[in-house]
Structure formats: C-alpha cells, structure tokens
Amino acid sequence: METHISCLFPEILAMIFSYLDVRDKGRVAQVCIAWRDASYHKSVWRGVEAKLHLRRANPSLFPSLQARGIRRVQILSLRRSLSYVIQGMPNIESLNLSGCYNLTDNGLGHAFVQEIPSLRVLNLSLCKQITDSSLGRIAQYLKNLEVLELGGCSNITNTGLLLIAWGLHRLKSLNLRSCRHVSDVGIGHLAGMTRSAAEGCLNLEYLTLQDCQKLTDLSLKHISKGLTKLRVLNLSFCGGISDAGMIHLSHMTSLWSLNLRSCDNISDTGTMHLAMGTLRLSGLDVSFCDKIGDQTLAYIAQGLYQLKSLSLCSCHISDDGINRMVRQMHELRTLNIGQCVRITDKGLELIADHLTQLVGIDLYGCTKITKRGLERITQLPCLKVLNLGLWQMTEKVRGQGSAPEHLRWSCWGSW
C-alpha cells in the first residue's frame, strides 16, 4: 500500500508544520483543505507574534488570528484606531506598538476603556506623543501587566511613574530609557517610598534607566530599599550617579547584572564599594568609564570573582591589571576589553593561561596586540566569538590558519 503525506493524521501534520517559519505556516494552509485544517491547530502557532499593518478594514483578520490561538501582536503601522485591535482580540497577551509615532493619548484612551486582564506585555517605546495621561489609563485597566516598555517616551514625568506605582503592582520589567523628565522623586514612587499615595512596583526584576540624566545617588538609595527583587539594573549614561551611590547597591543580593556604561562619575572607588558588599553579580559593564583603571580589576578579583561577563571597553587598564585579576576569575565566560589601548600580548597571554572558560572576547581597537598574542588567545578551548574589528593582520598571517577550526570563521570575518 502506497503511503502519502496526505494520509498522515492531522495531529502529525500539525507537529510538522510547527517547525516552519511564520511565512511557510501561512503557505501550507493554502495547499488543500486538510493542510489548512491542520495548520490552524493552535499548537502550530504557539508563541508566534503576528506583525500587522493596520491600514484598512479586514473583517476576517482577527477571527483568523483567534482561531489559530495567536495572542501576541506587533503593529508595524497604525492608520486605524487602536480600539480596532483591542475589540478584535479581547484575549490579547502581548501588544507591541513600538515606533507607532502617530499614537496619541486620545487614541490609547479610546482603546483602553475597560479592564483587559489577559494583557501581560505592552511596548510603547518611541511612541513620542504618549504622556502621563496614557499611563493613567494603563494603570487603571491593565492591572495584570508584567512588562512595560516606555523607552524614548520623552514626555513621561514623575507623575506618570506615580500612576504606574499606584496601579501596576505585578510589573516585573520596566524600561524608561531616555525618559528625560524622570528624577529621584519618580524612582521613589516606584520603590514604594510614598506609600501614602502608591504602594510601588515592588515586584520589579528588570529596570532600565539608561540616559535618565536627572537621576542621582538618591535614586539608587530608593532602589536598594524598595526594589529588593531587582535582578537586572541598567544605569548606562546616567551622568548624575557617583561612587557613593554604589554603596547603596552593594548589598542587593538579588542583583545579578549591573550596567554602568558611560557613567562618567564612576571610578575605581565605586568598584571597591561594589566588591566590598554582598553582591552576587554575574554581569558587570563599566565600559567607557574614564576613571576606571587597573585598581578596579584588583577589586573585582577580591569581591566580584563570580562574574561570568565583564565589559571594560575603553577603560584605562593595562597588562598589570589583567595580571591582578585573571587568577581568581574562574567563572568568566565573556570579556570585553575593546579599545583598551594599553593591553599588549603579555595581557593576552595571561588571559589565555588563566581564563580557560572564555567563550567570547572583544579586542576591537587593541592596537598593541600582535600575531603572537592572538595565536595564544585563539587556542582557548571554549572560545567561539573573537571580535577584532579594525585590528589588522597581513595576508601571510591569515593564510597560516593558526586559529582552531571552531573559531576560524568568527575571527577571520573581522580581519
């Protein structure tokens, strides 16, 4: 008896279709009735995010998405009312409106007119017309929200954060990148420092405050006191925080990733405060902090030796600092020291001898390294990513093929 794919049970077809990309999932639905029925099985579309251009009415769009169990939507362009989406997908779980520049408080207000208990993720990044008024609607009707992206929403103020702190008690992730009006007062609201007005977002685990220029060390004090479940904190480009603020962060035992990139007032002293505390950091980024030098590497070796990822790009470190650090950093997997122009082959040899678990290293702009140091680095047994950037090698050296086979393409692509 001849067996054909059309003889397979619908459940088997659905299992096969689940491995296809989104475009091919749609194509198989057009082959025949049997395949269409199988492709509409909800297991085929589990986790898929529909990407939509809302330009004209399409009565079959949302019934089709619901039939396939799709509950995550990204709006690529919004020329219809947002309420069209909310009414069409009452069980929506994730709504991404990133970059919808024409979205206004009025449009969002017409969409959120009643509670939407299923919505867990809302991305409003770069929706530049959104103000605190919209955050009031969100706090009132999206009580189960866990992720809120507000990066680039430059009209958000401390009042908006008060509203978030009042209504979104289940929030786990909040992105406030480049919200220029946010200050210590707003962070205090989030951390529950104004309990008479708002309980706070005390379940926050991920907080991005990148480029919030009005923040000072007082914000870090609020965070350390109220946001005790925080795991990831991004303070990059926050020029108002200093070494003293690191004292507040140094005892946040839940914190495992700290980004201080381009924080101009962070120096070796700040690293000392972090290392002397009870942190269990897995990732630390102090790249482009001009006051970070070799002493920081000594402090890291003493108190932050459990790090798995360390970024020191463009810091004033040398081979001596590398020597003071490498013997204690047995857990380190990723090391970014690009543009550290004092690093030479000696530093690379120390890294190769002691950081044997390294998976990735960035050497972009390290102009004093030569073929000898590079050959040592490429022999690291676990290394998979090597970024050389503008570092040049001659055709003669390139042709010698000294890099291990598993690494060759990733590093040669940068030569």
Under a 3.5 Å threshold, yes or no: a donor from one side chain and an acceptor from the other, between [X] and [Y]?
X: Ser318; Y: Asp320; answer: no
X: Thr278; Y: Thr253; answer: no
X: Asp211; Y: Gln213; answer: yes
X: Thr296; Y: Thr271; answer: yes
X: Ser250; Y: His273; answer: no
X: Asn106; Y: Thr104; answer: no
X: Arg324; Y: Gln295; answer: yes
X: Thr131; Y: Ser133; answer: no
X: Asp362; Y: Asn336; answer: no

Apply salt bridge (charged side-chain N to carboxylate O under 4.0 Å, His left out) to Glu93 and Arg72, showing your working. CA-CA 6 Å; Glu93 292 180 352; Arg72 301 173 64 234; over 6 Å; no

Looking only at non-hydrogen atoms, find the nearest pair between [X] and [Y] and report the distance.
X: Leu82; Y: Leu108; value: CD2-CA, 4.3 Å
X: Asp285; Y: Ser311; value: OD1-CB, 3.3 Å
X: Gly99; Y: Cys127; value: N-SG, 4.4 Å

[X] side, atom [atom1]; [Y] side, atom [atom2] - distance, nearest 0.5 Å:
X: Leu281; Y: Leu258; atom1: CG; atom2: CG; value: 6.0 Å
X: Phe112; Y: Arg137; atom1: CZ; atom2: CZ; value: 10.0 Å
X: His248; Y: Asp217; atom1: NE2; atom2: CG; value: 6.0 Å
X: Ile369; Y: Cys340; atom1: CD1; atom2: SG; value: 11.0 Å
X: Asp345; Y: Arg376; atom1: CG; atom2: CZ; value: 10.0 Å
X: Thr216; Y: His222; atom1: OG1; atom2: NE2; value: 8.0 Å

Does a side-chain N-to-carboxylate-O contact under 4.0 Å join Arg177 and Glu149?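 Salt bridge: no.
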
Inspect the contact between Asp264 and Lys291 and indicate whether a charged nitrogen and a carboxylate oxygen are less than 4.0 angstrom apart.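 Salt bridge between Lys291 and Asp264, a charged N being under 4.0 Å from a carboxylate O: no.
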
With a 4.5 Å heavy-atom cut-off, do [X] and [Y] have their side chains touching?
X: Leu386; Y: Thr378; result: yes
X: Ile116; Y: Ile86; result: yes
X: Arg180; Y: Lys214; result: no
X: Gln339; Y: Phe288; result: yes
X: Arg120; Y: Asn144; result: yes
X: Val73; Y: Leu52; result: yes
X: Thr344; Y: Thr370; result: no
X: Glu199; Y: Trp166; result: no

Does [X] reach the main-chain N or O of [Y] with its side chain, forming a donor-acceptor pair under 3.5 Å?
X: Asn203; Y: Lys172; value: no
X: Arg342; Y: His316; value: yes
X: Asp243; Y: Ser267; value: yes
X: Asp319; Y: Ile343; value: no
X: Ser219; Y: Leu215; value: no
X: Asn96; Y: Ile75; value: no
X: Ser118; Y: Ile92; value: yes
X: Gln129; Y: Tyr101; value: yes
X: Arg195; Y: Gly192; value: yes
X: Asn234; Y: Thr208; value: no

Evaluate His53 against Ser77 for side chain to side chain donor-acceptor pair (under 3.5 Å), listing each step before the verdict. CA-CA 5 Å; His53 291 279; Ser77 58; 2.8 Å; yes

Can you list the steps and then say if Leu95 with Val121 is a side-chain contact (heavy atoms from CB on, under 4.5 Å)? CA-CA 6 Å; Leu95 178 59; Val121 179; over 6 Å; no

Count the heavy atoms belonging to other residues, nucleotides or ligands that lie under 6.0 Å from OH of Tyr305, then report whether that count exceeds 12.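 Count not over threshold, so no.
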
Greater than 12 external heavy atoms within 6.0 Å of Lys143's NZ: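 Result for NZ/Lys143: enclosed.
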
What's the verdict on side-chain contact (heavy atoms from CB on, under 4.5 Å) for Leu148 and Asn175, showing C-alpha distance, side-chain angles and the deciding distance? CA-CA 7 Å; Leu148 179 57; Asn175 187 338; over 6 Å; no

Stepwise, does the side-chain contact (heavy atoms from CB on, under 4.5 Å) test hold for Leu124 with Ile138? CA-CA 11 Å; Leu124 295 174; Ile138 290 168; 3.7 Å; yes

Lys229 charged N/C atom sitting above Trp256 aromatic ring, 6.0 Å / 45°: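 So Lys229 doesn't make the cation-pi contact.
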
Determine whether Leu358 and Leu332 satisfy the following criterion, side-chain contact (heavy atoms from CB on, under 4.5 Å), listing intermediate values before the conclusion. CA-CA 6 Å; Leu358 272 188; Leu332 200 63; 4.3 Å; yes

